[in-house]
Each structure stands twice: as C-alpha cells, then as structure tokens.
Amino acid sequence: MKKISRRVFNKKLSTGLFGAGALASMPFACGMGHNSSKKTSLGIALVGLGSYSTYQLAPALAQTKHCHLAGIVTGTKEKESLWASNYNIPVTNIYNYQNFDEIAKNKDIDIVYVVLPNSLHAEFSIRAAKAGKHVICEKPMAISVEECDAIIQSCEKAGVNLGIGYRLHSEPYTQEVKRFVKENTFGKINYVLAEAAYRSTGNPGQWRLNKRLSGGGALMNMGVYSIQSAIYGTGENPLSVSAQEYSTRPEYFKETDETITAQLKFPSGALGNIFTSHNANANRLYASCDSGWFALEPANNYGPLAGNSSLGPIAFEHESQQKLQMDDFASHILYGTENRAPGAMGKRDMIIVEAIYKSIAEGGSTIPLNLGNMGLVGYRP
Ligand code: NAD
C-alpha cells in the first residue's frame with residue numbers, strides 16, 4: 001500500500017494497514033476457531049456465487065496473503081464444476097444450501113463469507129456460526145436489528161469472529177479520512193455530506209427490487225454507505241435522524257424505496273446530510289470544518305477512489321479493496337489485529353436504517369438514536 005507523495009500528506013497510513021504484514025511472523029493467535037490452529041492462511045467458503053462473489057471476491061482471493069478460496073456454497077449445479085475448475089476447488093469443499101451445515105466437519109474451511117440477498121444473511125451467518133466457522137456477512141448486515149442481534153449472539157455463543165463486508169474500512173482513502181478526524185487535521189467538523197447512489201434500470205424482477213429478499217431499496221443497498229461515511233467523516237455516532245423519501249418511478253420501484261435524504265445530528269454539533277438513491281448517480285463524501293475541508297469523490301465504489309482537501313490532494317495507489325478487507329479479517333483471527341468492521345457496526349447501521357424508515361413513516365419526525373459509542377472502531381474518542 002503506497003501513498004503517492006504529497007506536500008502535506010506525508011505521514012504514514014494508520015499503522016493497521018502495515019501492521020498486518022508485520023504481525024504475520026508473530027507466533028501467536030487470537031480468537032481461533034477449532035480448525036484454525038497453526039494455519040497461516042485461512043480457508044474461505046463463499047456462500048452465493050452471484051456477481052459480487054464472481055467479479056470481486058474470487059479474483060481478490062487470488063491475491064490475498066492471509067486467506068484463500070477453499071470452498072463454495074451454491075444452489076446452481078452448473079456453477080459447481082465451473083468454479084471447481086476455475087479455482088481448483090475439490091469436490092469435498094462444494095456445498096449447496098441444503099447440505100451446507102456439513103461444512104462443520106470440513107477442516108479446510110475456517111471462514112464462511114455470506115454473499116446472498118440481504119434477507120438470507122441472518123440464516124446463513126447463524127448456520128455458519130453453529131458450524132463453528134468465523135463469519136463475514138455482507139452489507140447490509142441483515143434486514144432488521146433483531147436479525148443483527150441474532151447473528152451477533154450466535155457468533156458469541158459459538159466463539160467465532162464476525163466481520164461485516166464493509167470493504168472501505170480496509171482501503172487507504174477511508175483510513176485517511178479517519179485519521180483527519182482523529183487528529184483533528186481540519187479542526188471542528190461542522191457539516192458532512194454523504195452521498196451513495198446509482199440509477200437502476202435493470203430487470204424489474206431482480207431481488208433488490210423485491211422487499212422480501214432485499215428488506216428495502218436504496219437505503220438498504222447504498223444508503224448504508226452514506227450512513228457509514230457520515231459517521232467516519234465526523235468520528236461520532238449520530239444523536240438523532242429525520243428523513244424524507246421521494247419517488248419518481250413508482251411503476252419500477254413497486255415495493256422498495258427509490259430515493260431518501262436524511263439529516264443526522266451529531267454530539268459535537270455537526271450536521272450530516274445523507275442522500276441515497278436507485279434513481280440517480282452520486283458517490284461523494286464532503287466535510288466542512290473550522291479550518292478547511294476534505295472530500296472524497298468517488299468515495300465508496302471499488303476504486304480507485306479520489307480525494308482532495310483544503311491542504312491539497314489526497315492520493316494513494318490502488319489495490320483491491322476486497323483483498324485488503326479479507327486479509328484484514330483473516331489477520332484479525334490469526335494475529336489479533338483490529339476487527340475493522342465488527343458485528344456491532346453492522347447492527348448500529350441497521351438501527352439508523354430502521355430509524356430513517358420510522359421517520360419517513362411519521363412524516364419526517366426526528367427519531368432519537370441511543371447509540372453511545374456502539375460500532376465505532378478507532379474513531380474520535
Ligand atoms: P447477485 O444477485 O449477483 O447474487 C446473489 C446470489 O444469491 C446469486 O448467486 C443467487 O443465485 C443467490 N441466491 C440464493 N438464493 C436466492 C434467492 N432466494 N433469490 C435470489 N438469489 C438467490 O447479488 P450480489 O450483487 O452478488 O449481492 C449479494 C450480496 O452482496 C448482497 O447482500 C449485496 O448487498 C452484497 N454486495 C456487497 C458489495 C460490497 O461492495 N460490499 C457489492 C455488491 C453486493
């Protein structure tokens with residue numbers, strides 16, 4: 001991970017990014033599942049071989065240092081032989097959704113990565129935990145706070161680690177924003193704009209437009225990125241939220257929200273304005289502070305991201321975010337490094353999602369959020 005040198009931004013990245021490599025030689029382990037002892041690279045099984053697994057996670061797993069693709073779980077017979085030959089996966093490491101629980105006996109697989117439609121995250125994360133496997137659960141963590149609690153409790157009970165697929169926490173631009181916030185580089189933060197949206201025109205039968213499978217529309221899919229960046233852009237959890245919903249294509253978005261704006265009030269007095277949509281393209285984080293400003297645009301796609309600030313540009317060399325994310329989680333299990341996106345973070349975001357829907361249902365009323373420091377990792381104390 002190399003930073004492109006800049007006049008002002010000449011400090012090293014937060015130690016976490018470099019720390020994993022340095023720690024790799026250390027002979028201790030933390031939070032090991034029963035299959036993980038003495039390994040230096042953990043086996044991951046991907047559950048759900050759709051677009052994200054196929055085009056992002058599997059290629060990233062060819063580059064990871066602390067983990068590798070060891071197994072697959074799919075409901076599509078044809079994908080079994082295709083993935084087996086593409087990725088050299090033995091037949092004993094291939095499961096379907098029915099026999100998935102047999103994965104408990106498989107010593108090659110240490111981590112189960114749930115990459116299914118949102119409403120299936122809880123079921124498969126819980127089954128993975130019961131099988132004694134560490135769990136990475138894609139965003140949004142689940143479709144309700146109640147489901148998030150059930151996942152967290154199952155992982156705690158099974159003594160396995162839980163991470164959410166918030167890949168940005170492992171990439172350098174987001175870490176730089178977190179550093180600005182922590183070190184007060186631009187003084188008090190007064191306003192954060194966080195936008196995460198794209199225009200959807202695809203198959204109207206897709207699961208993202210089906211509320212039973214998605215749990216919601218733009219807010220569940222992209223809105224969690226705006227919530228995330230408003231929080232790491234201020235380093236605080238919000239005290240309250242009020243929200244508005246807009247619909248311009250109700251014939252396409254029959255069951256799910258199309259566009260949502262929301263205002264977050266933070267303990268320091270900062271205001272967060274978030275925008276998420278399946279009807280417009282937007283991808284931005286902007287923060288206005290007492291002594292300047294910082295911005296990322298794009299802020300949340302697969303990269304390369306780009307950044308600027310009142311002190312000068314922000315620039316890093318690009319690496320696969322998914323590679324960094326999965327290596328971070330494997331290092332957390334193997335060497336006790338920070339879990340950058342724990343279950344409490346996914347649950348916190350779902351509390352905010354539910355509050356946003358509640359505010360909309362109540363005509364934009366202000367909903368208090370009693371979050372304390374919940375889900376915060378390495379931000380402003
Ligand atoms: P996708 O539609 O491409 O793939 C979904 C997979 O789930 C398919 O293989 C499908 O066969 C399988 N599936 C199993 N049961 C299903 C059912 N009942 N209905 C529909 N599909 C079913 O979706 P995707 O883009 O790969 O997204 C999967 C998950 O990953 C979602 O939760 C999404 O939010 C998340 N995701 C995260 C990122 C990220 O950047 N972190 C990016 C894309 C997707």
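For the single chain, residues carry numbers from 1 onward in sequence order.
With 3.5 Å as the limit, one finds a donor-acceptor pair spanning the side chains of Asn184 and Arg380. Between the side chains of Asp257 and Tyr357, at least one donor N or O lies within less than 3.5 Å of an accepting N or O. For the residue pair His134 and Asn161, a side-chain donor N or O sits within less than 3.5 Å of a side-chain acceptor on the partner. Side chain to side chain, Gln63 and Gln322 fail the donor-acceptor criterion of an N or O pair below 3.5 Å. Using a 3.5 Å distance cut-off with no hydrogens or angles, the side chains of Tyr166 and Gln325 do not pair a donor with an acceptor. In the model, Asn237 has no side-chain atom that pairs as donor or acceptor with a side-chain atom of Asn373 under 3.5 Å. With hydrogens and angles left out, the side-chain atoms of Asn279 and Tyr246 include no donor and acceptor closer than 3.5 Å. Looking only at atom types and distance, the side chain of Asn221 has a donor-acceptor partner in the side chain of Tyr198 under 3.5 Å away. Side-chain polar atoms of Glu147 and Ser144 form no donor-acceptor pair below 3.5 angstrom.
Applying side chain to side chain donor-acceptor pair (under 3.5 Å) to His169 and the options Gln228, Glu338, Gln175 leaves one that passes, Gln228.
Taking the six-membered ring for Trp and thresholds of 30 and 60 degrees, Tyr379 and Tyr232 have ring planes more than 60 degrees apart, a perpendicular arrangement. The aromatic rings of Tyr97 and Phe124 sit perpendicular, their planes meeting at an angle over 60°, well past the 30° parallel limit.
The side-chain heavy atoms of Asn339 and Met345, taken from C-beta on, include no pair separated by under 4.5 Å. When side chains are defined from C-beta on, Arg167 does not count as touching Leu324, because their heavy atoms never get closer than 4.5 Å. Contact check for Leu168 versus Tyr225: side-chain heavy atoms found under the 4.5 Å cut-off.
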Extract all donor-acceptor atom pairs below 3.5 Å that involve side chains of residues 362-372 and protein atoms in other chains or at least two apart in sequence.
| unit_1 | atom_1 | unit_2 | atom_2 | d |
| --- | --- | --- | --- | --- |
| Glu362 | OE1 | Ser365 | OG | 2.6 |
| Glu362 | OE2 | Lys358 | NZ | 3.3 |

